[in-house]
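So the structure is just underneath, and the comments pick up after that.
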Amino acid sequence: METKYSADTIAAAMSLQTSSYIYTSMATFWTYGYTCSLHEEWTFLLLSHWTKVKCLYVIARYVPFFLFASHLYMNFTPDENPNKCLMLDNVCSSLSLLSVLCSESFFVLRTYALWDNNRIVLAALLTAFLSVGVTSIGLFFGSSGTVPFQTSPIPGITGCFRASGGIGIFVPFILLSALELGLISLTLVRALQTWRTANTHLFAVLLKHNIFYYACGLFCSVVNILTSLLLHHAYNAMFQDFQFIILAILATHMHLYLWHMDRHLHGSDASTLIPLSEISYGVAGNSSTDSAECGVVTGSGHRPVRQ
């Protein structure tokens, strides 16, 4: 008996189903994680001052909700219009880029803090960060129309996909992995330089956070490079947003941990919190307490209140 659909059509349909399952699982996991940390989340949002770092936190924390809504709509709504698929994909790509740029910004600031606010390091970090960001945005949207979207002719299979990944799919992840490698190198170099003198708890926490975040970013980038080059149909892009979500979870939870640690050191007195720009950082140098060190990476600091 001859089958109605070809093997390639069936493989494409299975890839769409797998992609839908992955996004549904990620959305469930994200919602569950948010619910479990609701008390800590709203304590931070209500008691902390509005700073640039807090704005980064809010964007990195809540953009994934819109990203999941857009992707689940695209995956589960029947649609045979490639132009609508392209529009929805551009919306999802914009949200993904916004999320990962905010997550990376946290650790650019942390690396800058570890280097005792060294302006040369800051210039190098900003140059690399902006170069990777601008190039990735250009590649994502410049190549978005070169590979058309397809849908499955099999009834009940919803969603759309690109048959293969283009240069705009894997090159941004190569650039991101290069950025992660540079940041983890700076972190390790600083750790080797100051391991005898920097014996504060915050310094150890920052090192662990940075190294774990960069290692996860490197691993996920390599996975995305390989899948975009070796796999086809919806498989070639289904781990991209997984990486961005993981990085957003790590960045926001690590920041929340530092803020609560800083708050605990001061007896939950939120009235003394001040913006990042008003405090100097000396994690590896002449800083006297973990309190002052924590300010630069949480966007707050502590000093005597003026009368």
Side-chain angles (χ1 to χ4, degrees), residues 26 30 51-67 92-115 117-118 120-141 168-191 205-225 228 239-259 276 281 296-299:
M26 285 196 297
W30 180 268
T51 63
K52 294 177 182 178
V53 177
K54 184 175 179 179
C55 290
L56 285 176
Y57 176 91
V58 171
I59 296 172
R61 184 61 168 153
Y62 292 99
V63 160
F65 284 112
F66 299 99
L67 176 62
C92 293
S93 296
S94 300
L95 294 172
S96 297
L97 287 168
L98 181 61
S99 176
V100 73
L101 288 174
C102 290
S103 299
E104 292 294 318
S105 296
F106 275 109
F107 288 87
V108 168
L109 288 174
R110 288 183 174 209
T111 305
Y112 172 53
L114 285 174
W115 279 86
N117 294 359
N118 188 300
I120 297 176
V121 172
L122 177 62
L125 289 172
L126 289 179
T127 301
F129 180 73
L130 292 175
S131 299
V132 171
V134 172
T135 305
S136 297
I137 291 171
L139 288 172
F140 262 122
F141 295 105
I169 302 296
F170 70 90
V171 173
F173 287 100
I174 294 176
L175 297 175
L176 182 59
S177 61
L179 177 64
E180 303 278 7
L181 191 59
L183 291 173
I184 198 172
S185 298
L186 282 173
T187 301
L188 292 174
V189 168
R190 189 58 174 171
V205 170
L206 287 179
L207 282 180
K208 291 177 182 177
H209 283 189
N210 280 24
I211 292 173
F212 186 73
Y213 177 90
Y214 298 144
C216 287
L218 276 171
F219 175 77
C220 291
S221 293
V222 171
V223 170
N224 275 305
I225 292 168
S228 62
F239 291 119
Q240 291 179 13
D241 289 314
F242 176 81
Q243 174 175 353
F244 301 146
I245 295 302
I246 289 297
L247 294 183
I249 289 174
L250 290 177
T252 53
H253 277 69
M254 289 174 177
H255 180 76
L256 202 61
Y257 171 81
L258 286 179
W259 185 84
L276 165 64
Y281 186 85
V296 73
V297 289
T298 60

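Quick note: residue numbers are just sequence positions, from 1.
Among all heavy-atom pairs drawn from Leu67 and Cys92, the shortest one is CD1-O, 3.5 Å. Here the shortest heavy-atom pairing between Ser103 and Ala248 reads OG-CA, 3.3 Å. Minimum interatomic distance between Thr252 and Tyr57 (heavy atoms only, all atoms of both residues): O-CE1, 3.3 Å. Taking each heavy atom of Pro64 and Ile59 in turn, the nearest pair found is CD-O, 4.3 Å. The two residues Val63 and Leu95 have their closest heavy-atom pair at CG1-O, 3.3 Å. Contact between Arg61 and Trp30 at its shortest, heavy atoms only, is O-CZ2, 2.9 Å.
Not a single donor-acceptor pair under 3.5 Å links the side chain of Thr135 to the backbone N or O of Val132. Looking only at distances, a side-chain donor or acceptor of Ser221 sits under 3.5 Å from a matching main-chain atom of Gly217. The main-chain N or O of Phe107 is found under 3.5 Å from a side-chain atom of Tyr214 such that the two form a donor-acceptor pair. In terms of modelled atom types and a separation under 3.5 Å, the side chain of Ser177 and the main chain of Ile174 share a donor-acceptor contact.
By the 4.5 Å heavy-atom criterion applied to side chains, Leu122 and Asn117 are not counted as neighbours. At a threshold of 4.5 Å between non-hydrogen side-chain atoms, the residues Leu109 and Leu56 count as touching. Between His209 and Tyr257, some side-chain heavy-atom pair lies under the 4.5 Å cut-off. Counting only heavy atoms from C-beta outward, the side chains of Ser228 and Phe239 never approach each other to under 4.5 Å. At least one side-chain heavy atom of Lys54 sits under 4.5 Å from a side-chain heavy atom of Thr51. For the pair Leu247/Tyr213, a side-chain contact is recorded, criterion being any heavy-atom separation below 4.5 Å from C-beta on. Side chains of Arg190 and Val121 form no contact here, defined as non-hydrogen atoms less than 4.5 Å apart. Counting heavy atoms from C-beta on, the side chains of Glu104 and Leu183 come closer than 4.5 Å.
Using a 30° and 60° split on the angle between ring planes, Phe173 and Phe244 fall in the parallel class, below 30°.
In this structure, Leu125 CG and Tyr112 OH are separated by 9.5 Å, a value rounded to the nearest 0.5 Å. Atom OG of residue Ser99 and atom CD of residue Gln243 lie 10.5 Å apart, to the nearest 0.5 angstrom. Remark: Leu176 CG to Asn224 CG distance equals 9.0 Å, nearest 0.5 Å. The CG atom of Asp241 lies 7.5 Å from the OG atom of Ser93; values are rounded to the nearest 0.5 Å. Atom CD1 of Ile211 is separated from atom CD1 of Ile184 by 6.0 Å, given to the nearest 0.5 angstrom. Interatomic distance, OG1 of Thr187 versus CD of Glu180, reported as 10.0 Å (0.5 Å rounding).
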Going through the distances and angles, do Phe212 and Met254 end up as a side-chain contact (heavy atoms from CB on, under 4.5 Å)? CA-CA 11 Å; Phe212 186 73; Met254 289 174 177; 3.8 Å; yes
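Within 6.0 Å of atom CZ in Phe219, 12 or fewer heavy atoms from other residues, nucleotides or ligands are found, so the atom counts as exposed in its surroundings. Other residues, nucleotides and ligands contribute at most 12 non-hydrogen atoms within 6.0 Å of the CZ atom of Phe66.
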